[in-house]
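What follows is a single structure, written as structure tokens, with notes after it.
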Amino acid sequence: RFATGRCAAGAVRSRSLRPVLRGADRFLRAHPKAYWMYALRADCRRSPEINDFSAALRDLEKAVALNPVCSWAWAYLSRARMVSGARLKALEAIDRAVAMSPECGWFHIWRGELLRRLGQTREAIDDFDRGLSLDPNYELGYAWRGGAKRVLGLAKEAIDDFNMAAALDPSYAWTFHERSLAGKAL
């Protein structure tokens, strides 16, 4: 915990994640089995500033190897795998996370988004529904569920979801683009 705080303080002071990476590297040299530090370093590596997804993926693979019962590490591994193009492996990872922590709305919503991207739209909506019942203020859940409903031709329901997403986060441009496409179908 102390190391995490020191890393975060370094990022705040320098307005950069590079000191966090250096701190994580130092910490991992001294504590090579600290799975959570691999996950932290991976999060930094996949940031827009660093943009090193292959290294982030390796760090997350190491984190789950060191602690295979950490649901959050599996969830982050799922995201990294999706970005790398390994969508089915991403789905396997988020399935593990959901099995370990079925009460986490974000996990269900992320699995729904993966299913939506894989063309399993009805299954995706089921996961979005479950996730939003657990976390009703997660704007991406509404946006992504709206996208799935739009694909199924449920324009009115999709627009309702897009409106809720926009109310929760008016800065997510994808919501407005998708809402305009759903509006054309009415």
Exercise. What about Val83 and Ile109, same hydrophobic cluster or not, with Ile/Leu/Val/Met/Phe/Trp/Tyr joined at side-chain heavy-atom distances under 4.5 Å?
Worked result: yes
For this session: Show the numbers, then the answer: is there a side chain to side chain contact (heavy atoms under 4.5 Å, CB included) between Arg150 and Glu157?
Result: CA-CA 8 Å; Arg150 185 187 68 75; Glu157 291 180 37; over 6 Å; no
Exercise. Between Tyr142 and Pro136, is there a donor-acceptor pair closer than 3.5 Å when you use the side chain of the first and the backbone of the second?
Worked result: yes
Exercise. Got Arg45 and Phe53 here, is their nearest side-chain heavy-atom distance under 4.5 Å?
Worked result: no
Exercise. Hey, what do you get for CZ (Phe128) to CD (Glu123), rounding to the nearest 0.5 Å?
Worked result: 11.5 Å
Exercise. Do Arg81 side-chain atoms and Lys89 backbone N/O form a donor-acceptor pair below 3.5 Å?
Worked result: yes
Exercise. Which of these, Leu114, Leu115, Leu77, sits in a side chain to side chain contact (heavy atoms under 4.5 Å, CB included) with Ile94?
Worked result: Leu114
Exercise. What pair of heavy atoms forms the shortest contact from Ala63 to Ala73, and how long is it?
Worked result: CB-CB, 4.3 Å
Problem set entry | Minimum heavy-atom distance between Ala143 and Thr175, given as atom pair plus value | CB-OG1, 3.5 Å
Seminar exercise, completed: Closest heavy-atom pair, Leu186 versus Lys156, reported as atoms and distance to 0.1 Å, is CD2-N, 4.0 Å
Exercise. Honestly curious: do Leu181 and Trp174 fall in one hydrophobic cluster under the side-chain, below-4.5 Å linking rule?
Worked result: no
For this session: Go through the steps for Phe162 and Asp160 under the test side chain to side chain contact (heavy atoms under 4.5 Å, CB included), then give the verdict.
Result: CA-CA 5 Å; Phe162 294 134; Asp160 290 344; over 6 Å; no
Exercise. Under the side-chain hydrogen bond (donor to acceptor under 3.5 Å, both in side chains) test, which residues partner Arg111, sequence neighbours left out?
Worked result: Asp95, Asp127
Exercise. Roughly how far apart are Arg79 CZ and Tyr76 OH, rounded to 0.5 Å?
Worked result: 7.0 Å
Exercise. Between atom CZ of Arg58 and atom CZ of Arg41, what is the distance when rounded to the nearest 0.5 Å?
Worked result: 9.0 Å
Exercise. Would a distance-only check, ignoring hydrogens and angles, find a side-chain to backbone donor-acceptor pair under 3.5 Å from Ser71 to Ala97?
Worked result: no
Exercise. Roughly how far, to the nearest 0.5 Å, is CG of Asp52 from CG of Asp59?
Worked result: 9.0 Å
Seminar exercise, completed: Scanning both residues in full, the closest heavy-atom pair of Pro68 with Arg96 reads O-NH2, 4.0 Å
For this session: Given side chain to side chain contact (heavy atoms under 4.5 Å, CB included), test Glu103 with Ser101 step by step and report yes or no.
Result: CA-CA 5 Å; Glu103 73 290 347; Ser101 297; 3.7 Å; yes
For this session: Check whether Met164 and Phe176 end up in the same hydrophobic cluster, where Ile, Leu, Val, Met, Phe, Trp and Tyr are linked by side-chain heavy atoms less than 4.5 Å apart.
Result: no
For this session: Without swapping roles, check the side chain of Ser16 against the backbone of Arg18 for a donor-acceptor pair under 3.5 Å.
Result: yes
Problem set entry | Leu17 backbone acceptor or donor facing Glu49 side chain under 3.5 Å | yes
For this session: Work out which heavy atom in Ala34 is nearest to a heavy atom in Phe27; give both atom names and the distance.
Result: CB-CE2, 3.6 Å
Exercise. Which heavy atom of Leu57 sits nearest a heavy atom of Ala80, and at what distance?
Worked result: CD1-CB, 3.8 Å
Exercise. What is the distance from atom CG of Asp25 to atom CE of Met37, rounded to the nearest 0.5 Å?
Worked result: 9.5 Å
Exercise. What's the verdict on side chain to side chain contact (heavy atoms under 4.5 Å, CB included) for Leu60 and Asp43, showing C-alpha distance, side-chain angles and the deciding distance?
Worked result: CA-CA 9 Å; Leu60 289 164; Asp43 215 28; over 6 Å; no
For this session: Would you check if the side chain of Tyr35 reaches a backbone N or O of Cys70 as a donor-acceptor pair within less than 3.5 Å?
Result: no
Problem set entry | Any donor-acceptor pair under 3.5 Å from His108 side chain to Val98 backbone | no
Exercise. Hey, what's the ring geometry for Trp106 with Trp72, parallel, tilted or perpendicular (30° and 60° as the breaks)?
Worked result: parallel
For this session: Using a 4.5 Å cut-off on heavy atoms from C-beta on, say whether the side chain of Trp110 contacts that of Trp144.
Result: yes
Exercise. How long is the span from the OG1 atom in Thr121 to the CG atom in Asp126, to the nearest 0.5 Å?
Worked result: 11.0 Å
